[in-house]
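Position 1 is the first residue of the sequence; numbering continues from there.
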Amino acid sequence: MINRELIRIKVVQLVYAYYLNGDKPMDVAEKELLTSLSKAYQMYNYLLDLIVAITNEERLRYDVLVQRAEREGTEAPSPRFAYNRFAVQLEENEQLNAYNETFKLTWREDIEFVRNLCNQIEQSVAYQEYMASDDDSYDADREVWRKLYKQLIDNNESLDTLLEDKSLYWNDDKDIVDSFVLKTIKRFDPANKAQQELMPEFKDDEDREYAIQLFRTTIQNAQEYQDMMQYYSRNWELSRMPFTDIVIMQIALAEMLTFPAIPLSVTINEFVEISKSYSTPRSAGYINGMLDTIARALHKEGRLMKRING
């Protein structure tokens, strides 16, 4: 689940913090980086479990409505959403249950938030159309949850606040984690039952090593990278640049020079995108120009053996 995009963002955050906090020992800083990445995976499991918590609350509501219907002699409510087959499969998922048991993740302390979200779900068009539909398939069960998650859980300010209160590490991760929760919902197959695989923390050991090496190389070669920036900044004093810009370009140069398999265009584009969220409105254009200029110079000198576009 932890992809290169998230790793780059985390390295930017941790390199910035490394300088801000007075150059702590490298092994301590690396451990903090891996902890930060692991916390993102923890949020992924926690948000999947939110679907389970909502389902459990809906099941309690369904039981109350059944009892009322029996007392009043009225038509029984539909159990469709309370026993949605995708949600039941997720509830029984062995990997999710084992992970949440290990890390003691639960929504019990935030039941009021869960109940409020249930109210919003029941009032939503997606829910009402689902309950009225004649399509009684697993695909329909899975699709309603994809819609509900996208509409009511993704970009939910109240949930963002709740998550930030839970962990300082969760401040900037939710957009990326949401995308992986949605991918997970789409991948669920009823044939896999409780053994359905969730996304792994790292795709492979290579991504984990990429994170450590990118962080370490950035710090160890900081002076060299800053000298490059100063030389090619066209008489613009490095001290006058936003510090975040310096950090972003420093990491981009580390990736550019350390990872031959990553195309130059990917490195520049990824860090320009990061600058749009973490630096000034003018930073993206400046960083793009600076990295392109430095890359061309290094290529001409034979220090960068990557394809240069244009």
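Between Tyr278 and Gln13 the shortest side-chain heavy-atom distance falls below 4.5 Å. With contacts defined as side-chain heavy-atom distances shorter than 4.5 Å, the pair Tyr83/Thr55 does not qualify. Contact of the Tyr225 side chain with the Thr217 side chain is registered, since non-hydrogen atoms from C-beta on lie closer than 4.5 Å. Side-chain contact check for Ile251 versus Val15: some heavy-atom pair is nearer than 4.5 Å. Residues Phe103 and Tyr46 have side chains not in contact (no heavy-atom distance under 4.5 Å, counting atoms from C-beta outward). Proximity of Met26 to Gln220: side-chain heavy atoms (C-beta onward) are separated by under 4.5 Å at one or more points. With contacts defined as side-chain heavy-atom distances shorter than 4.5 Å, the pair Tyr44/Met199 qualifies. Under the 4.5 Å side-chain criterion, counting only non-hydrogen atoms from C-beta, Met229 is in contact with Leu253.
The backbone N or O of Ile51 sits nowhere less than 3.5 Å from a side-chain atom of Trp145 that would complete a donor-acceptor pair. Side-chain atoms of Asp204 come within 3.5 Å of backbone atoms of Asp207 as a donor-acceptor pair (strictly under, hydrogens ignored). For the pair Glu92 (side chain) and Ala194 (backbone), a donor-acceptor distance under 3.5 Å is absent. Looking only at distances, a side-chain donor or acceptor of Arg142 sits under 3.5 Å from a matching main-chain atom of Phe188. Side chain of Ser179 to backbone of Ile176: a donor-acceptor contact under 3.5 angstrom is found. With Gln250 contributing its side chain and Thr218 its backbone, the two residues share a donor-acceptor pair below 3.5 Å. A distance-only check finds a donor-acceptor pair linking the side chain of Arg59 to the backbone of Ala82 [under 3.5 Å]. Without hydrogens or angle criteria, Asn156 side chain to Leu159 main chain gives a donor-acceptor distance under 3.5 Å. A donor-acceptor pair under 3.5 Å is absent between the side-chain atoms of Ser36 and the main chain of Glu32, judged by distance alone. Not a single donor-acceptor pair under 3.5 Å links the side chain of Glu164 to the backbone N or O of Trp170.
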> Stepwise, does the side chain to side chain donor-acceptor pair (under 3.5 Å) test hold for Glu255 with Thr267?
Replying inline: CA-CA 7 Å; Glu255 180 174 293; Thr267 296; 2.6 Å; yes

>> One pair to check against salt bridge (charged side-chain N to carboxylate O under 4.0 Å, His left out): Arg4 and Glu206. What are the steps and the verdict?
In response: CA-CA 11 Å; Arg4 295 289 175 96; Glu206 185 179 332; 3.6 Å; yes

>> Determine whether Leu90 and Ile185 satisfy the following criterion, side chain to side chain contact (heavy atoms under 4.5 Å, CB included), listing intermediate values before the conclusion.
In response: CA-CA 9 Å; Leu90 182 63; Ile185 293 172; over 6 Å; no

> Could you go step by step and tell me if Ile153 and Leu148 meet the side chain to side chain contact (heavy atoms under 4.5 Å, CB included) rule?
Replying inline: CA-CA 7 Å; Ile153 298 176; Leu148 291 171; over 6 Å; no

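Annotation for Glu301: atom CD counts as buried by contact number, over 12 foreign heavy atoms lying within 6.0 Å. Counting heavy-atom neighbours within 6.0 Å of Glu197 CD, excluding the residue itself, gives a total of 12 or less. More than 12 heavy-atom neighbours from other residues, nucleotides or ligands sit within 6.0 angstrom of NZ on Lys306. Counted within 6.0 Å of CG on Asp27, heavy atoms from surrounding residues, nucleotides or ligands total more than 12; the atom is thus considered enclosed. The 12-atom threshold is exceeded at CD of Glu72, counting heavy atoms of other residues, nucleotides or ligands nearer than 6.0 Å. More than 12 heavy atoms of other shown residues, nucleotides or ligands fall within 6.0 angstrom of atom CZ in Arg85.
The two residues Val181 and Leu48 make their nearest non-hydrogen contact at CG1-CD2, 3.9 Å. Contact record, Lys150 with Leu182: N-CD2, 4.2 Å, taken as the closest heavy-atom pair. Taking all atoms of both residues into account, the shortest heavy-atom contact from Tyr169 to Lys10 is O-NZ, 3.3 Å. For the pair Asn192 and Gln89, the tightest heavy-atom approach, listed with the atom from each and the gap, is C-NE2, 4.1 Å. When all heavy atoms of Asp49 and Thr106 are compared, the pair lying nearest together is OD2-CA, 4.4 Å. The two residues Ala126 and Val144 make their nearest non-hydrogen contact at O-CG2, 3.8 Å.
A salt bridge between Arg68 and Glu75 is absent, with no side-chain N of the basic residue lying under 4.0 Å from a carboxylate O of the acidic one. Between Glu5 and Arg8 there is no salt bridge, since no side-chain nitrogen of the basic residue lies less than 4.0 Å from a carboxylate oxygen of the acidic one. Using a 4.0 Å cut-off between a side-chain N of Lys or Arg and a carboxylate O of Asp or Glu, Arg296 and Asp292 qualify as a salt bridge. A salt bridge links Lys166 with Asp110: the distance from a Lys NZ or Arg NE/NH1/NH2 to an Asp or Glu carboxylate oxygen falls below 4.0 Å.
Pairs engaging residues 148-167 under the ring pair (Phe, Tyr, Trp, His ring centres under 6.0 Å) rule: none recorded [sequence neighbours left out].
For the 3.5 Å distance criterion, the side chains of Ser137 and Asp139 fail to qualify, holding no donor opposite an acceptor. For Asp141 and Tyr130, the side-chain atoms include at least one donor-acceptor pair closer than 3.5 Å. In summary, the side chains of Glu201 and Ser38 do present a donor paired with an acceptor at a separation below 3.5 Å, with no hydrogens or angles considered. For the residue pair Thr280 / Ser283, a side-chain donor-acceptor distance below 3.5 Å is found, with atom types taken as modelled. In this model, a donor atom of one side chain and an acceptor atom of the other lie less than 3.5 Å apart for Arg61 and Asn119. The closest side-chain donor-acceptor pair between Asn116 and Glu112, if any, does not fall under 3.5 angstrom.
Atom CD in Gln95 sits 10.5 Å away from atom CG in Asn100 (nearest 0.5 Å). Rounded to the nearest 0.5 angstrom, Glu122 CD and Ile54 CD1 are separated by 10.5 Å. With rounding to the nearest 0.5 Å, the separation of CZ in Arg71 from OG1 in Thr74 is 9.5 Å. One finds the CE atom of Met290 at 9.5 Å from the CD1 atom of Ile246 (value rounded to the nearest 0.5 Å). A distance of 12.5 Å separates CD1 in Ile287 from CZ in Arg282, rounded to the nearest 0.5 Å. Atoms CZ and CD, on Phe215 and Glu30 in that order, are 6.5 Å from each other to the nearest 0.5 Å.
Under the 30°/60° scheme for interplanar angles, the aromatic rings of Phe243 and Tyr16 are found to be tilted.
Taking the six-membered ring for Trp and the full ring otherwise, Tyr41 and Tyr99 have centroids separated by under 6.0 Å.
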